[in-house]
Structures are given as C-alpha cells and as structure tokens.
Amino acid sequence: MSLDEIRSKIDSIDRELIPLLKKRMECSLEVARIKSRENLPIYHPGRENEILNRVAETAGEEYGAYISSIYRMLFYEIF
C-alpha cells in the first residue's frame, strides 16, 4: 500500500470516527444534565474506571494505553 493510500484510509476512518465521538460527547452532556437536575455528583470515578478498563482491554496491550488516554480527555474536556 502506498503512503497516499494509507493516508486516504486514515481520512476515511476519521470521517467515521468524528461523528461517533461527537455522539458520545452529546450523550455525556445529557448524563451531566440529568445528574445536575437530580442533584447527583457529576464525577463517578468507579464508572470512569470501568470504562477505561474496558477500552484498554478491548484495544489490547499494543494500543490500550493510547485509547485510554483519549477517553480520559473525553471525560474531562467536556465539563
């Protein structure tokens, strides 16, 4: 595969990935709204750790730490 073909493949993946990340962030905002309305704590370390562990395991040793760091940014950048 040529460099241009690989870059095209990455661009295609990004076109799929960005809308999914936006949907995830919108869901997170809705969770925050519900928690605020019901006077629940926004920060739930147990839930966040559960998600981080799941994505790290799913991504595997090779990429788990990198994917987890992306999720950490999603958790904290939204608020």
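Every heavy atom of this structure was used, including side-chain atoms; hydrogens, water molecules and symmetry mates were not.
A donor-acceptor pair under 3.5 Å links the side-chain atoms of Ser68 to the main chain of Gly64, judged by distance alone. Side-chain atoms of Ser12 do not come within 3.5 Å of backbone N or O of Ser8 as any donor-acceptor pair. Glu16 contributes no side-chain N or O that, together with a main-chain N or O of Ile13, makes up a donor-acceptor pair within less than 3.5 Å. Looking only at distances, no side-chain donor or acceptor of Lys35 sits under 3.5 Å from a matching main-chain atom of Leu40.
By the 6.0 Å contact criterion, CD on Glu61 is open, its count of non-hydrogen atoms from other residues, nucleotides or ligands being 12 or less. Crowding of Lys9 atom NZ: a count of heavy atoms from other residues, nucleotides or ligands under 6.0 Å not exceeding 12.
For the pair Glu48/Tyr71, no side-chain contact is recorded, criterion being any heavy-atom separation below 4.5 Å from C-beta on.
Tyr43 and Ile51 fall within the same hydrophobic cluster, defined by Ile, Leu, Val, Met, Phe, Trp and Tyr side-chain heavy atoms under 4.5 Å apart, directly or through other members. Grouping the Ile, Leu, Val, Met, Phe, Trp and Tyr side chains by contacts below 4.5 angstrom, directly or via other members, places Met25 with Leu17. Linking ILVMFWY side-chain heavy atoms closer than 4.5 Å, directly or via other members, places Val55 and Phe75 in a single hydrophobic cluster. Ile10 and Met1 fall within a single hydrophobic cluster, where Ile, Leu, Val, Met, Phe, Trp and Tyr are joined by side-chain heavy atoms under 4.5 Å apart, directly or via other members.
Using a 4.0 Å cut-off between charged side-chain N and carboxylate O, Lys23 and Glu26 make no salt bridge. Checked for salt-bridge contact, Arg33 and Glu30 meet the test: a charged N lies under 4.0 Å from a carboxylate O.
Going from atom CD1 of Ile34 over to atom CG of Leu29 covers 11.0 Å, rounded to the nearest 0.5 Å. The structure places CG of Asn49 at 10.5 Å from NE2 of His44, a figure rounded to the nearest 0.5 Å. For the atom pair CG of Leu52 and OG of Ser69, the computed distance is 9.5 Å after rounding to the nearest 0.5 Å. The distance from the CD1 atom of Ile70 to the CG atom of Leu21 is 8.0 Å, given to the nearest 0.5 Å.
Of all the heavy atoms in Pro19 and Asp14, the pair that sits closest is CD-O, 4.2 Å.
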